[in-house]
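Only one structure is covered here, and it is reproduced in the block below.
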Amino acid sequence: MIKGIHHISMKCGTAEELAKVREFYIELLGLKVIREWAEGMMIDTGNGLLEIFTNADGTHCLGAIRHMALLTDDVDEISAKVKAAGYEFFIEPNDKVIPSNPPYPIRMAFCYGPLGEQVEFFMER
């Protein structure tokens, strides 16, 4: 029986990429490493894990999984912090109403992470 998403996996091919991942997810966003081993680590997002492998070349292509969304209580504050650290935003913070039943009001922004991954900062309004 499925209970939820356990982790999302990303690959780093170089020590420089791993350093960028640590800087972005741990230092900048304040997430915590909960497990480390010789070729990887798991970072706690609060309700799921990011698993970072360091044993193979990373792939920088956009596939079926479009992005990951990180839940926040302040899209504007985290976006300003990430932008000040030099990361590119391709969608600035904005309000949307997803036309569902019932309508779903949100605030969101998108940036590119240290491996080229698309990261959404998301909150319900």
Any side-chain heavy atom of [X] within less than 4.5 Å of one from [Y]?
X      : Y      : value
Tyr112 : Gln118 : yes
Pro105 : Asp95  : no
Met68  : Thr45  : no
Met108 : Asn94  : yes
Leu115 : Lys11  : no
Leu49  : Asp44  : yes

### Task
Could you list the residues that satisfy side-chain hydrogen bond (donor to acceptor under 3.5 Å, both in side chains) with Glu36, not counting sequence neighbours?
Arg22
### side-chain hydrogen bond (donor to acceptor under 3.5 Å, both in side chains) against Lys20, all qualifying residues, sequence neighbours excluded
none
### Task
List for me each residue that meets ring-ring contact (aromatic ring centres under 6.0 Å, His included) alongside Tyr104, sequence neighbours excluded, and say none if there are none.
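ring-ring contact (aromatic ring centres under 6.0 Å, His included) list for Tyr104, sorted by chain: empty.
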### Message
I need the single residue from Leu29, Asp76, Ile91 that forms a side-chain contact (heavy atoms from CB on, under 4.5 Å) with Phe121. Which is it?
### Response
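Exactly one candidate clears the test, Leu29.
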Rounded to the nearest 0.5 Å, how far apart are [atom1] of [X] and [atom2] of [Y]?
X      : Y      : atom1 : atom2 : result
Glu120 : Ile106 : CD    : CD1   : 6.0 Å
Ser79  : Tyr87  : OG    : OH    : 14.0 Å
Ser9   : Leu50  : OG    : CG    : 9.5 Å
Glu51  : Met41  : CD    : CE    : 10.5 Å

### Message
Parallel, tilted or perpendicular, judged at 30° and 60°: which one describes the rings of Phe53 and Trp37?
### Response
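Ring orientation of Phe53 relative to Trp37: perpendicular.
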### Trace of the side chain to side chain contact (heavy atoms under 4.5 Å, CB included) decision for Lys83 with Glu92
CA-CA 10 Å; Lys83 188 178 284 190; Glu92 294 292 331; 2.6 Å; yes
Tell me whether [Y] is reachable from [X] by hopping between hydrophobic residues (I, L, V, M, F, W, Y) whose side-chain heavy atoms are closer than 4.5 Å.
X      : Y      : result
Val33  : Phe24  : yes
Met10  : Leu70  : yes
Ile98  : Phe110 : yes
Val119 : Leu18  : yes

### Task
Return yes if some donor-acceptor pair links the side-chain N/O of Arg35 with the main-chain N/O of Gly40 below 3.5 Å, else return no.
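No; judged by distance alone, with no hydrogens or angles, the pair does not exist.
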### Task
May I ask you to decide if Phe122's main-chain N or O and Thr72's side chain share a donor-acceptor pair within less than 3.5 Å?
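Side chain of Thr72 to backbone of Phe122, a donor-acceptor pair under 3.5 Å: no, none is there.
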### Message
Determine whether Lys32 and Ile26 satisfy the following criterion, side chain to side chain contact (heavy atoms under 4.5 Å, CB included), listing intermediate values before the conclusion.
### Response
CA-CA 6 Å; Lys32 305 285 184 224; Ile26 297 162; over 6 Å; no
### Message
Determine whether Phe89 and Val82 satisfy the following criterion, side chain to side chain contact (heavy atoms under 4.5 Å, CB included), listing intermediate values before the conclusion.
### Response
CA-CA 9 Å; Phe89 276 73; Val82 169; 3.7 Å; yes
### Task
Start with the C-alpha gap between Glu23 and Leu28, add the side-chain angles, then the distance that decides, and say whether side chain to side chain contact (heavy atoms under 4.5 Å, CB included) holds.
CA-CA 6 Å; Glu23 175 190 302; Leu28 186 61; 5.5 Å; no
### Distance-minimising heavy-atom pair for Pro114 and Val21
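Shortest heavy-atom separation between Pro114 and Val21 comes out as CG-CA, 3.8 Å.
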